[in-house]
Structure formats: C-alpha cells, structure tokens
Amino acid sequence: MAFLDSLRYEYTSLSDLESVSVMESASFHPTEADSRNTLAKRILFAKDSGPELFFTVKHRTHVIGFISATLSSSPVVTYASMQENDPRGTTVCVHSVCITPAYQRQGIATDFLHLWIERIKKQSLPGGGKKYHRIALLSRPELVSFYARLGFRHI
C-alpha cells in the first residue's frame, strides 16, 4: 500500500506530452492511438475547459499513466461524437486510460480511475449545479468487466 500512497495525481501539462504520447502509442493499435498533435490539442482543451479532463499519475517525477477525455453534448456517445470537444458539453468522453506496462496489474488503474471519477463528480458550475452529467467510454470487449467493476454500465 505504501507504493500506491507515494503516487502523485496531477493535471497534465504540455511538458508531459512526450511521455503521454509514447504511452498512447504503446497502448493502442496504430489505427486507435491518438497522434501527438491530437494529444497536445486535448491537453490545451483541458487547460481551458476543465483540467480534470486530462490527468496524469506520476511515480516520483515520471508519468506512469494518464486519463484523457473530451466533452460532448450528444445524447448518444459514438466515435464521431467523442471527437467534438464541445466546451459546453456535459458528457465526459473517456478516450484513453493508460498505465505504462511496468506499473500494470498493481491496482494503479483502479485507484486512479476511482480518484478521477470522484473529481469529475465534484465539479460544479460557477453559479451552482453539476458541470458534468455523465461519464462515458467506448471499450474493448476484454475490458468491459474491468470498467463494470468501477461502476460503468454497458449500454
């Protein structure tokens, strides 16, 4: 447990882009992985729209994982709607949940997602009310049960 307690969770900045880009490329098929340019745009979107939308987990000074999300106003989450990046959107669309291979299977992704989901739920608008109404993702079939354990429902 001491190892998990030593991890730091931070908003992502452009200084993290190289680490995030390498992890994205290693974690996804080339047709699924976001490009370095797309990741940079998402980091900047998060900086302006809600830094919680792009979050990293670090061990010491090294990025060992990240969550990347955008916003959508579409009532149905599809690959197309996830590309919107609508600053008025209330659906948080998770694009990537990555943990570098050396740190996988240690409970990091589970703890990281729990913490991140709680942060998303706590976000409110300046005048009151919830900033986000739901969190959605499109998952590989082999990961559906993992996300179900975190409270996601298959729709």
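Predicted model only: the values in this text are computed from it and were never measured.
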Report all side-chain donor-acceptor pairs from residues 58-68 shorter than 3.5 Å, counting only partners two or more places apart or in another chain.
residue: K58; atom: NZ; partner: E10; partner atom: OE1; Å: 2.9
residue: K58; atom: NZ; partner: D16; partner atom: OD1; Å: 3.2
residue: H59; atom: ND1; partner: Y103; partner atom: OH; Å: 3.3

Counterpart residues, salt bridge (charged side-chain N to carboxylate O under 4.0 Å, His left out), relative to [X] (two or more places apart):
X: K121; answer: E118
X: R105; answer: none
X: E52; answer: K131

Within a strict 4.5 Å, meaning less than it, do heavy atoms of the [X] and [Y] side chains meet?
X: F146; Y: T110; answer: yes
X: Y132; Y: T90; answer: no
X: W116; Y: V92; answer: yes

Scan for salt bridge (Lys or Arg N to Asp or Glu O under 4.0 Å) pairs involving [range], sequence neighbours excluded, and state none if there are none.
range: residues 62-71; value: none
range: residues 85-99; value: D86-R88
range: residues 142-155; value: none

Cluster check [X], [Y]: I/L/V/M/F/W/Y, side chain < 4.5 angstrom:
X: L137; Y: L150; result: yes
X: Y11; Y: L115; result: yes
X: V144; Y: Y147; result: no
X: F54; Y: L71; result: no
X: I108; Y: V22; result: no

Hits for side-chain hydrogen bond (donor to acceptor under 3.5 Å, both in side chains) against T38, two or more places apart or cross-chain, chain-then-number order -> S35
Residue list, side-chain hydrogen bond (donor to acceptor under 3.5 Å, both in side chains) with S72, at least two apart or on another chain
E84
Anything under 3.5 Å between a donor and an acceptor, one on a side chain of residues 39-47, the other on a protein residue two or more places apart or in another chain? List them.
residue: R42; atom: NH1; partner: D34; partner atom: OD2; Å: 2.2
residue: R42; atom: NH2; partner: H95; partner atom: ND1; Å: 3.3

[atom1]/[X] to [atom2]/[Y] distance, rounded to the nearest 0.5 angstrom?
X: Q123; Y: L53; atom1: CD; atom2: CG; answer: 8.5 Å
X: F112; Y: C98; atom1: CZ; atom2: SG; answer: 10.0 Å
X: L113; Y: I99; atom1: CG; atom2: CD1; answer: 8.0 Å
X: T56; Y: L7; atom1: OG1; atom2: CG; answer: 11.0 Å

Is there a donor-acceptor contact under 3.5 Å from the side chain of S21 to the main chain of L17?
no
E18/R36 under salt bridge (Lys or Arg N to Asp or Glu O under 4.0 Å): CA gap, chis, key distance, verdict:
CA-CA 8 Å; E18 180 62 27; R36 181 183 174 88; 2.5 Å; yes
Suppose clustering is done on Ile, Leu, Val, Met, Phe, Trp and Tyr with side-chain heavy atoms closer than 4.5 Å. Which residues sit in the same group as L125?
none
Among residues at least two apart in sequence or on other chains, which ones pass side-chain contact (heavy atoms from CB on, under 4.5 Å) with H29?
T31, E32
Ring pair (Phe, Tyr, Trp, His ring centres under 6.0 Å) between F55 and Y9, worked out
CA-CA 7 Å; F55 218 56; Y9 302 94; 7.0 Å; no
